[in-house]
There are 2 protein chains.
Amino acid sequence: MTMMGDPLSDDGADHERLPGNRSRDALRAAQMYYLQDLTMNAIARELRTSRSTISRLLSLARETGLVQIQVNNPSERAPALEQQIRRRFGVEAHVVPIADSVNDSEVLDRVAIQAARTIGPLVDSNAIIGVAWGSTLSAVSHHLTRKQTHDSTIVQLNGAGNTQTTGITYASEILRSFGQAYGARVEQFPVPAFFDHAETKTAMWEERSVRRILDLQHRMTMAIFGVGSISAGIPSHVYSGGYLDREDLATLETDEVVGDVATMFFRADGTHRDIKLNSRSTGPDLDRLGTVRRRICVVSGESKIDGLRGALAAGLATDLILDEGSARRLVHS
Amino acid sequence: MTMMGDPLSDDGADHERLPGNRSRDALRAAQMYYLQDLTMNAIARELRTSRSTISRLLSLARETGLVQIQVNNPSERAPALEQQIRRRFGVEAHVVPIADSVNDSEVLDRVAIQAARTIGPLVDSNAIIGVAWGSTLSAVSHHLTRKQTHDSTIVQLNGAGNTQTTGITYASEILRSFGQAYGARVEQFPVPAFFDHAETKTAMWEERSVRRILDLQHRMTMAIFGVGSISAGIPSHVYSGGYLDREDLATLETDEVVGDVATMFFRADGTHRDIKLNSRSTGPDLDRLGTVRRRICVVSGESKIDGLRGALAAGLATDLILDEGSARRLVHS
DNA sequence: AACCCGATTGCACAAACGTGCAGACGCGGG
DNA sequence: CCCGCGTCTGCACGTTTGTGCAATCGGGTT
């Protein structure tokens, strides 16, 4: 059989180019597949192309957010764990079901996928979304599903430079993914994670280029972050990646820090007064963070539980996405 | 391998019975399948059961509305046909893509499936939903996806009795399906489709039992109906099912009727003054119908196009779900 | 015209999935 | 206790779907 030119578009009138003619075919195919329950074979016959093309069109439709699949947690009779967490900690919990047997890196991956799909529907136009960085957020960023929005902005929550690398590529990759998925502007925060001297921070915070970012953060409608936990078996990026020296780590211990969100530290009871490092950290003021409408915390792995407890005590999150094992440990003790 | 008792519920604490323990497993499975992209095999291993069970659990999850798949029509750059219809007729169009080659009964079926899935997301709690009857609505009713709502009511739009059968079973099956799918009360309208004497209707309309239904109809928040078309190749139920005698059909012609919605007739220009049969019909007053917030008209098959044109001229619908062929004929002439 | 390079297609095969069927289970009645 | 009946399970098979690969297309450049 020989080729024929673009057999799918049989209404060949207007050739608008940007939306991609392909995406219209994807919509057609998606309607037939998901709304009419035809098989790919049937669709292929009807659109005069091969089944594999349809398979690929459907992939496209899913990836670009044309098709949205949501699993709704029928409110009241949600799984026991989620209810308990909501009652005890006052956050909306999304527990990711995972058997205990799976290894940590797979847990992270699966939590990340589900987090990405849970976040998707919550994003809407004109949003200003603060995004932290770290291994958790990195994993999430790889699985975002696309969603078209107008005039949205992704803003970096805290600096990422350190003494060894500028950290820029790592953090900016994460931001870029978010921006691309939601069609949003990306605003990086080009400062180190920690200043060496608090005075430098004070000075920088007066710079107009910095104030622009701070202003965006001030107007955030949504924040997305993981937590760091000092006691973690595998310590977070922050505690091992060359951001802090021996002396810094010592002051954290003295200050009874249990964890951090976006490189701002807190204690087990949620307080953060007088924690020395915070005055040099570029993360958002935690009191102010607590006023953001929607604050989504993603946690994977039981080792982060101490940090998580602190973050919850501090009321940093409105929504919590975490694996089942951690959820169990959170309530069962 | 031998059986073990209920291997899926490993948290065997509370045995609430009504929600069905099974549905919790279905939720778990659905999350793993649709949100974490695991294969059924992997899920089966993790939940210690067979892949086929997972397959069935997922079916359940879809049927009961635990999983909702929606294909969104990215607003502005919607297919040309839908835009044209919206502009020319002022209704939100949902065109069901179908090649011209398929036969009429399959068209009906596929329009019905897609209609059911389009309606689903629009239904919400405290709704009062008026539902007509006819072959189109019957087909739709077979494909509704479940959705939990509180305090919703399904109310029959027009009587269904005729001289040969009471018509009750047919219409009531449709209503029952809707009620079950949305967890709603069902209010039947136990009157014939047409009274023999207009005075009887007037009298009945004063009865309290009837007034209760009329009152519900008055407070409708949504109405769902097909259209009848007199010129249809295959005439609608109404025109051939023993509801009307030869004389009635003659007066329709005299009155220049082109079609009906819920057994209320109208002309090509959308008017319905002085159409004699309407005074004996039990359908809703068309002027009043036009004030319902959401009015969904489902049409399949090009033969109904004349009736449809009349209905659109009368402004009876806010949303129109129809097959591609009809949509094309609607705009291309 | 000849060439090249990335995008797109259909093919073929492997992986994943749906479903009829027969056996196992739980429960109530004889 | 045994039997019957409806429900649920896993198996086996056929169907449906994903994907690496080679061929083809389109359009831009030398």
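The sequence lines fix the lettering, A, B, ..., with proteins before strands; numbering per chain opens at 1.
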Taking [atom1] from [X] and [atom2] from [N], how many angstroms apart are they, rounded to a whole number?
X	N	atom1	atom2	answer
M40(A)	dT15(D)	CE	C1'	13 Å
L57(A)	dG18(D)	CG	C1'	14 Å
R51(A)	dC11(C)	CZ	C1'	10 Å
I54(A)	dC11(C)	CD1	C1'	16 Å
Y33(B)	dG18(C)	OH	C1'	11 Å
R45(B)	dA16(C)	CZ	P	9 Å
R48(B)	dT9(D)	CZ	C1'	17 Å
N41(A)	dT15(D)	CG	P	11 Å

*Touch check for S52(A), heavy atoms < 4.0 angstrom, all strands: base, sugar-phosphate only, or nothing?*
base
*asked:* Base, sugar-phosphate or nothing for T39(B)? Non-hydrogen atoms, less than 4.0 Å.
replied: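 Result for T39(B) = sugar-phosphate.
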*How many angstroms lie between atom OG of S138(A) and atom CD1 of I174(A), to the nearest 0.5 angstrom?*
4.5 Å
*Kindly say if T53(B) contacts the phosphate of dG10(D), meaning a side-chain N or O under 4.0 Å from OP1 or OP2.*
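Answer is yes, contact under 4.0 Å.
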*asked:* Taking only side-chain N and O atoms of S55(B), does any of them lie within less than 4.0 angstrom of OP1 or OP2 on dG18(C)?
replied: yes
_Closest to side chain of R56(A), choosing from dC17(C), dT19(D), dG10(D)_ =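 Minimum distance to the R56(A) side chain belongs to dT19(D).
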*Go through dC17(C), dG10(C), dT19(C) for me and flag the one nearest to the T49(A) side chain.*
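Side chain of T49(A) sits closest to dG10(C).
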*asked:* Going by the rule salt bridge (Lys or Arg N to Asp or Glu O under 4.0 Å), which residues pair with R45(A) if we only count those two or more places apart in sequence or in a different chain?
replied: none
_Quick test of your reading of the model: are D37(A) and R117(B) salt-bridged, counting only N-O distances below 4.0 Å?_
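Yes.
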*Evaluate the salt bridge (charged side-chain N to carboxylate O under 4.0 Å, His left out) criterion for residues R86(B) and E82(B): first the C-alpha distance (whole Å), next the side-chain angles of each, then the deciding distance (0.1 Å), finally the verdict.*
CA-CA 6 Å; R86(B) 183 174 45 203; E82(B) 306 192 349; over 6 Å; no
*L322(A) side chain reached by V96(A) side chain, heavy atoms, under 4.5 Å*: no
